[in-house]
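Taking it in order: structure first as structure tokens, then the write-up.
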Amino acid sequence: MTHNLPDSNRKTSSSRYLPIGRIENWKKTADGFLASSEVAQLQITVVRGGIIRVQASRNTFFDPNPYSVVAPAESVDFSLEEIEDAIHLKTAEIQLQMELVNGICSFFDSTGSLLNKDDALGISWIGTEVTCYKELQANEKFIGLGEKTGNLNRSGRAYTNWNTDYFGYGINDDPLYASIPFYIGLLEEKAYGIYFDNTHKSVFNFGASTDRFSYFNAEDGDLDYYFIHQPTVAGIISSYADLTGKMKMPPKWALGYQQCRYSYYPDREVLTLANTFRDKNMPADVIYLDIHHMEEYKVFTFDGEKFADPKGLISRLKEKGFRVIVILDPGIKTEDGYIPYEEGKSQGLFVKYPDTQDYVAQVWPGYCAFPDFTNPATRKWWMEKMEFYTEAGVDGFWTDMNEPASWGQFTPNLIEFDYDGNTSSHRKARNIYGMQMAKSTHEGSLKNLPNQRPFVLTRSGFAGVQRFAALWTGDNVSTEEHMLAGVRLVNSLGLSGIPFSGYDLGGFAGEATQSLYARWMSIAAFSPLFRAHTMINSNDAEPWAFGEEVEEISRTYMNLRYKLLPTLYSSFRKSSQTGLPIAASLAIAYSNDPLVFLPAYQNQYLFCDSFLIAPVESFKEIMKVYLPEGDWYYFFTDQPLKGGKVIYQDCPLNNLPVYVKAGSILALQNTVPHTAAENDGILSIHLYAGNEGSEYIHYEDDGLSFDFESGEYYERIFRFSASDQKLSINEATGNFSSQFDKLRIYFHGFTTDTIILGDENISLEQKSFAFLDKLTEFDPLPDLNYPHLSIPKLKYLDIKLQSEKMEIAGLF
Ligand code: MIG
């Protein structure tokens, strides 16, 4: 199509659309090409075979975000030529074509089939605002974008990236606390990803109030995006994680149950809380100290009365198997004599007005200055300050209010941040602030606890935050719709490179009903982060605070979570290597199945690869579940189910709809009071018959240190081959000894009564088996509300776990 070039006055007018215009010249570089158009400079870089970066600037220099992308460009073979008025760049996986007449970019896969194309309005500016308009393609769907509300398919909506403290947000509100400007476009049978690497306020519009195009823009800075193509959605997420980094392996205790409230105090109440978990036989690993642990909310202090002996308290909690996490707020009270303030002020570590006066705003402690976490000197100082907590025995950190938040909720744009030597206003620095606080805190943990893997939980973040912290979805509300919206947020974070996230189980604002709490507990047991939290002045919200039925249902799911630790820990390991989520929206594995995107089924997700979870409101006793293609088992009874269909599922409060994919391998242990407690030495492998087979990479290490990086791990591949009717367990690798010495293999859905081990025929044992504990029958009418589901006559085999290769054959 022809393009009307703008008249020359547009080049200076700031209030009208200004397209990039004709490409006037271009030249090849070592990894791509540089071009200049009538109004801008362009740089195209081949980052990987499947990743091409497009930068456009109206300045004479490019202004990249130094914080998010960590992968250096690899040298990749590509060809570059000008044919028929377009520049053609090809790698083995992807092709870019840029029209000389108007700079319009089209991306194709290796077969030449179109993946994505700029709209005729292309790359353009309105004043400093830069936008890239993209053609909408037939049936195109959009997923990802991190912590964004709404439907799984983001078509028809627009989103803003501007980190915002949003107490009690509505389930369709935007923006929230964290910004991840990365999305995946789904075409029929093909997909691509776009990561827009600009920290300014940005907008992604997937066809809201227009059906002409989709677009993304930022209010200033470069157009700087990475176009990613891989044959699968999982491949695209992994490539994005190659770019922005992967979650580090967390300490094992962070996978346990975490109890929070705003706030537990004084110290004896914290002890009572810990004792109650143990007395009630409810497994738990973490207790949080929210802002009341401080003296007048001053960070790096303990309240002398409420917490007279923090060290003593924490060591008593540790004896009971609890780890303590403290909240860290960025605001530093501007109080003379308060050492962190004095230091920060004299060393120039705070965010400033352009006239060098410190910026102050009100938060909990009153007027506060804000450490400039984009300044390396501030980060170093913060890391050193954290010794105050590690000295007292604190093991984990919770970075809150780091959007940054202050009363008034409106930060003046002129304040300045170091931005690592490239002083920038709030407009550019806001979205990165929270991630830099998480980074400082992560590194502070490493500095002060050098032999421990850090655990940081952050509220705010930006692309790449997964390298430093897990993330929770802020101040949700105790409602049924919030419970489901939280699942979608976590799934969306997982699509966006952040595997470790969760929501406040039970809801932060408001009061959960009994049934809501019970259901939320069961869903959260299948969330990467398993944490209950509630707000100040709300009713008690511990798992025993809702009556004995809820307490028992909670306990069964908490126990199940701990039984699943071997699978869960192995999944975290895999995720730290691949960048793929632990809670995976069905849009990843079944991206071409339209039913997955229907609002009725969009909350469903795969957990640890083998489970399918169908979250459901607590008031429903029956629901519709969509099982994608393949064969499935209902987890609690082993009932086989055909996929590719919608089923009706009973879902009383004690039975969350959970399914297992046929052919899967699950690894369980007995339940333990906390993750570091010794188990009974039996690794239970649950093998599910199926045509597909599967592979499970079992992983163990000490759960705490970095020794695994130098070989102190135990890893082995369990492979079920359906066609060979075999389960093989490869030789163990690594120098760590397994915590297990016995293997119990449960055979789900198999007909045979005997198996072959080596050259021996062995008859299988049988027993009735249940994944969930039986609830007490409080009601004189037994089993009325809460049937206890079990698997009668489940076949199993007990053998010694050897470190040499093992093979079990004859499985049919
Ligand atoms: O202004 O520290 O989202 O989890 O309990 C509220 C008190 C500050 C907001 C966090 C919430 C936390 C609360 N904080």
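In summary, Asp63 and Lys428 engage in a salt bridge, as defined by a charged side-chain N under 4.0 Å from a carboxylate O. Between Arg379 and Asp372 there is no salt bridge, since none of the side-chain N atoms of the basic residue sits less than 4.0 Å from a carboxylate O of the acidic one. For the pair Asp242 and Arg48, the salt-bridge criterion is not met [side-chain N within less than 4.0 Å of a carboxylate O]. Electrostatic pairing of Arg427 and Asp220 counts as a salt bridge here, judged by a charged N lying under 4.0 Å from a carboxylate O.
With hydrogens and angles left out, the side-chain atoms of Asn161 and Ser202 include a donor and acceptor closer than 3.5 Å. Side-chain polar atoms of Trp382 and Thr441 form a donor-acceptor pair below 3.5 angstrom. Residues Asn198 and Asp224 have side chains that never bring a donor and an acceptor to within less than 3.5 angstrom of each other. The closest side-chain donor-acceptor pair between Thr199 and Tyr419 falls under 3.5 angstrom. Arg459 and Tyr177 form no side-chain donor-acceptor contact under 3.5 Å, judged by distance and modelled atom types alone. For the residue pair Asp395 / Gln452, a side-chain donor-acceptor distance below 3.5 Å is found, with atom types taken as modelled. Under 3.5 Å, the side chains of Ser179 and Asn163 contain a donor-acceptor pair of N or O atoms. Side-chain N/O atoms of Asp173 and Thr149 include no donor and acceptor closer than 3.5 Å. In this structure, a donor-acceptor pair under 3.5 Å is absent between the side chains of Ser124 and Thr131. A donor and an acceptor atom, one from each side chain of Gln466 and Thr244, are located under 3.5 Å apart. Residues Gln258 and Tyr288 bring a donor and an acceptor atom of their side chains to less than 3.5 Å of each other. For the residue pair Asp475 and Tyr166, no side-chain donor N or O sits within less than 3.5 Å of a side-chain acceptor on the partner. Between the side chains of Arg154 and Tyr159, a donor-acceptor pair is found at a separation under 3.5 Å.
For the pair Lys134 and Tyr215, the cation-pi criterion (under 6.0 Å, within 45° of the ring axis) is not fulfilled. Taking the ring axis of Tyr67 as reference, the NZ or CZ atom of Lys439 does not stay both within 45° of it and closer than 6.0 Å to the ring centre.
Between Phe107 and Phe227, the ring planes are parallel. Angles under 30° get that label, and only those over 60° would be called perpendicular.
Tyr503 has its ring centre no less than 6.0 Å from the ring centre of Trp472. Aromatic pair Tyr433/Phe462: centroids not less than 6.0 angstrom apart.
Taken to the nearest 0.5 Å, the CD1 atom of Ile332 stands 8.5 Å off from the NZ atom of Lys385.
Residues Phe370 and Ala405 approach most closely at CE2-O, 4.1 Å, considering heavy atoms. Across Tyr169 and Gly474, no two heavy atoms sit closer than the pair CE2-C, 4.3 Å.
Of the possible donor and acceptor atoms, one in the side chain of Asn402 sits under 3.5 Å from a partner among the backbone N and O of Ser460.
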